[in-house]
Q: 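My questions will all concern the structure given below.
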Amino acid sequence: MELSRQRSELKAFLRARRAALTPEAAGLPRGLRRLTPGLRREEVATLAGVGITWYTWLEQGRAINVSAAALTRIARALALDATDEAYLFALAGVPHAEPPATQPVLPPAMQDMLELYRAPAFVIDPVFDVLAFNRMAQRLYDFGQFHGPLAHNHLWNAFMNPARRRLYAPCFEPGMLNLLGIFRVNHAAHPHDPRFEQLIDALGRASTEFVELWQHQRVAPLSAWMAHFFHPDFGDVRAHSVRLPLRDGHADGATAFFFVPQDAATRASFARIAAELQRPALPA
């Protein structure tokens, strides 16, 4: 493809992907004065952590210096899949190395094992992306309710999802310091996984609470934690959050979280919700 055509395609591609991504899907408020359904240029620049002028020039197809790191952040901001991201790199004329296979692949039996457990249980990868969960955990956390490029990340939800904040209200700060301590240890163990820095940068721009707690420089072992939640359906939940590292070939690096009731009220609550989930759905 000749250079002028390549730049025209880059302009059209970026504009089309920006127009296709709604503010709600990007985790942004729509506001009252928006004239188009998609994102504004300045919103993409903010989500990607790049300057608005630089992004405008990129979208206009100007001859500017473009790094792989910046393009990766733009791809994440625009919620591009792997094929779209590779196409973006090709249009920008930037070599696109295949990302290392850092995300664990769970064994097929993992989902069945989670469902057999009659309390909330889920699995995350080292950067805290949620890989699997049972119906009890879905009832507690409402996975999939929050939207945006980082909506599948457990740590992002902890700071940015209002429903998750209400769930954690009884012990937000100690709970977050514990999660951040585990996350920091994971980061040190996976220095070449770019997703860590992308998540840290995104949270640093979006949450002053994250910045304050991250500056504590706390580290934490992967050990049981006494969790205290409040949920409209479960009520007051007090449970041991037992964290188990997976050691199963391609699943290495993932961690399974199992909640074990700490008191009789939580045990009864878990039993009640589990029984509700076992009942057959009523015909429509």
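These numbers come from the heavy atoms of this one structure, side chains and all, not from hydrogens, waters or symmetry mates.
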Q: V127 and L199: which non-hydrogen atoms are nearest, and at how many Å?
A: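 Closest heavy-atom pair between V127 and L199: O-CD2, 3.8 Å.
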Q: Kindly give the heavy-atom pair with the smallest separation between A151 and N157, and that separation in Å.
A: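 Shortest heavy-atom separation between A151 and N157 comes out as O-ND2, 2.8 Å.
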Q: So that I can tick it off, tell me whether R139 and E276 are bridged by a salt bridge, with the cut-off set at under 4.0 angstrom between side-chain N and carboxylate O.
A: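 Between R139 and E276 there is a salt bridge, with a charged N closer than 4.0 Å to a carboxylate O.
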Q: Could you tell me whether the side chain of T266 and the main chain of R238 form a donor-acceptor pair under 3.5 Å?
A: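 Here the side-chain-to-backbone pair exists.
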Q: State, with a plain yes or no, whether a side-chain heavy atom of E197 is found less than 4.5 Å away from one of H187.
A: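 Yes, side chains in contact.
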Q: Taking all heavy atoms of Q111 and all of A132, pick out the closest pair and write down the distance.
A: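 Closest approach of Q111 to A132: OE1-CB, 3.7 Å.
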Q: Under 3.5 Å, side chain of R247 to main-chain N/O of D252, donor-acceptor pair present?
A: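 No; zero donor-acceptor contacts below 3.5 Å.
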Q: Is there a chain of hydrophobic side chains (I, L, V, M, F, W, Y, each step under 4.5 Å between heavy atoms) that links L244 to M226?
A: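 Not linked; separate clusters.
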Q: Assess whether atom CG of D81 is packed by more than 12 heavy atoms of other residues, nucleotides or ligands within 6.0 Å.
A: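 Buried by this count: over 12 neighbours within 6.0 Å.
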Q: Shortest non-hydrogen contact from N153 to L155?
A: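 The pair with the smallest heavy-atom distance is OD1-N, 3.0 Å.
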Q: Just by modelled atom types, is the N186 backbone N or O under 3.5 Å from a matching donor or acceptor in the H190 side chain?
A: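 Yes; at least one donor-acceptor contact below 3.5 Å.
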Q: Would you give the length of the straight line joining atom CZ of F13 to atom OG of S8, rounded to the nearest 0.5 angstrom?
A: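 Between atom CZ of F13 and atom OG of S8 there are 15.0 Å.
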Q: Please name the pair of heavy atoms, one in G61 and one in R7, separated by the smallest distance, quoted to 0.1 Å.
A: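 So the minimum-distance heavy-atom pair works out to O-CD, 3.0 Å.
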Q: Can you confirm if the NZ or CZ of R118 lies within 45° of the ring axis of F270 and under 6.0 Å from the centre of its six-membered ring?
A: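 Output no; distance or angle outside limits.
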Q: So does E115 pair up with R135, basic N to acidic O under 4.0 Å?
A: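 Answer for the salt bridge query: yes.
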Q: Is L246 linked to V242 within one hydrophobic cluster, defined over Ile, Leu, Val, Met, Phe, Trp and Tyr using a side-chain heavy-atom separation of less than 4.5 Å?
A: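 Linked within one cluster.
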Q: Let me confirm one number: the CG-CG distance from L39 to L47, rounded to the nearest 0.5 Å.
A: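 Spacing of CG (L39) from CG (L47) equals 6.5 Å.
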Q: If two hydrophobic side chains count as joined below 4.5 Å and joins carry through other members, does L78 share a cluster with V94?
A: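 In one cluster: yes.
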Q: Identify the residue among F143, F258, Y141 that makes a ring pair (Phe, Tyr, Trp, His ring centres under 6.0 Å) with F133.
A: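 Option passing the ring pair (Phe, Tyr, Trp, His ring centres under 6.0 Å) with F133: F143.
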Q: With a 6.0 Å cut-off on ring centres, are Y168 and F159 close enough?
A: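 No.
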Q: Mind checking whether F229 and F234 have ring centres under 6.0 Å apart?
A: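 That pair fails the under 6.0 Å test.
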Q: For the residue pair L131 and P104, what are the closest heavy atoms and their distance?
A: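 So the two residues come closest at CD1-O, 4.1 Å.
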Q: Is R165 salt-bridged to E209, going by a charged N under 4.0 Å from an acidic O?
A: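 E209 and R165: salt-bridged.
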Q: Does E43 pair with R18 as a salt bridge, N-O distance under 4.0 Å?
A: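 Judged by the 4.0 Å cut-off on N to carboxylate O distance, E43 and R18 do not form a salt bridge.
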Q: Quick one, R195 with D129, criterion salt bridge (Lys or Arg N to Asp or Glu O under 4.0 Å). Give me CA distance, side-chain angles, the key distance, then yes/no.
A: CA-CA 10 Å; R195 297 177 301 155; D129 283 351; 3.2 Å; yes
Q: When clusters are formed by joining ILVMFWY residues with side-chain heavy atoms under 4.5 Å apart, either directly or through shared neighbours, do M136 and M113 land in the same one?
A: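 No, because M136 and M113 fall into different hydrophobic clusters, even though each may have its own neighbours under 4.5 Å.
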Q: Can you check whether L203's main-chain N or O pairs, donor with acceptor, with S207's side chain at less than 3.5 Å?
A: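 Looks like no, no N/O pair under 3.5 Å.
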Q: Could you tell me how the ring of F257 sits relative to the ring of F122: parallel (under 30°), tilted (30 to 60°) or perpendicular (over 60°)?
A: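 Plane angle under 30°, so parallel.
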Q: Test your reading of the model: is there a side-chain donor-acceptor pair from S269 to the backbone of A265, 3.5 Å cut-off?
A: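 Side chain of S269 to backbone of A265, a donor-acceptor pair under 3.5 Å: no, none is there.
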Q: Could you tell me if the side chain of T56 sits less than 4.5 Å from the side chain of Q60, heavy atoms only?
A: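 Yes, side chains in contact.
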Q: Taking atom CG of L140 and atom CD1 of I273, what is their separation to the nearest 0.5 Å?
A: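 Going from the CG atom of L140 to the CD1 atom of I273 covers 9.5 Å.
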Q: Is L10 close to E59 at the side-chain level, that is, under 4.5 Å between some pair of heavy atoms?
A: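 Side chain of E59 against side chain of L10, heavy atoms only: no contact under 4.5 Å found.
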Q: Is a donor on one side and an acceptor on the other found under 3.5 Å between the side chain of H216 and the backbone of R218?
A: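 A pair under 3.5 Å: no.
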Q: Is the positively charged end of R184 above the ring of W214, judged by distance under 6.0 angstrom from the centroid and angle within 45° of the axis?
A: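 Judged by the rule, R184 and W214 form a cation-pi pair.
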Q: Assess the residue pair D201 and Q198 against the criterion (side chain to side chain contact (heavy atoms under 4.5 Å, CB included)); give the C-alpha distance rounded to whole Å, side-chain angles, the decisive distance to 0.1 Å, and a yes or no.
A: CA-CA 5 Å; D201 290 345; Q198 291 164 7; 5.9 Å; no
Q: How long is the straight-line distance from CG of N134 back to CE of M110, given to the nearest 0.5 Å?
A: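 Reported value, rounded in 0.5 Å steps: 11.5 Å.
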Q: With rounding to the nearest 0.5 angstrom, report the CD to CG distance, E173 to L177.
A: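 Here the rounded value is 5.5 Å.
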Q: Could you tell me whether the side chain of F230 reaches within less than 4.5 Å of the side chain of L167, counting heavy atoms only?
A: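 When only atoms from C-beta onward are counted, F230 and L167 do not touch, as no gap falls below 4.5 Å.
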Q: Could you check Y117 against F259 for ring pair (Phe, Tyr, Trp, His ring centres under 6.0 Å), going step by step and ending with a plain yes or no?
A: CA-CA 10 Å; Y117 189 66; F259 286 174; 9.1 Å; no
Q: Show your reasoning for whether side chain to side chain contact (heavy atoms under 4.5 Å, CB included) applies to L150 and R76.
A: CA-CA 9 Å; L150 296 170; R76 176 62 69 93; 3.0 Å; yes
Q: When rounded to the nearest 0.5 angstrom, what distance separates CG in L14 from CD1 in I74?
A: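 Rounded to the nearest 0.5 Å, the CG-CD1 separation comes to 7.0 Å.
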Q: Shared ILVMFWY cluster between L222 and I124, side chains joined below 4.5 angstrom?
A: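 Yes.
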Q: Assess the side chains of H228 and Q262: does a donor N or O sit below 3.5 Å from an acceptor N or O?
A: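 Note: H228 and Q262 side chains miss the donor-acceptor criterion.
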Q: Find out whether R15 and R41 are in side-chain contact, i.e. whether some heavy atom of one side chain is under 4.5 Å from a heavy atom of the other.
A: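 A side-chain contact under 4.5 Å exists here.
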Q: Considering only heavy atoms from C-beta outward, does the side chain of F128 approach that of L179 to under 4.5 Å?
A: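 Counting from C-beta outward, F128 and L179 do come under 4.5 Å.
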Q: Would a distance-only check, ignoring hydrogens and angles, find a side-chain to backbone donor-acceptor pair under 3.5 Å from R73 to A48?
A: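 Pair found, side chain donor or acceptor close to backbone of A48.
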Q: Could you tell me if the side chain of Y87 sits less than 4.5 Å from the side chain of E9, heavy atoms only?
A: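 Side-chain contact under 4.5 Å: yes.
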Q: What verdict does the side chain to side chain contact (heavy atoms under 4.5 Å, CB included) test give for L58 and I64, after you've listed the backbone C-alpha separation in whole Å, the side-chain angles of each residue and the deciding distance to 0.1 Å?
A: CA-CA 7 Å; L58 177 69; I64 58 175; 3.9 Å; yes
Q: State, without any angle test, whether R243 and S241 hold a side-chain donor-acceptor pair at a distance under 3.5 Å.
A: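 A pair is found: one side chain offers a donor N or O, the other an acceptor, under 3.5 Å apart.
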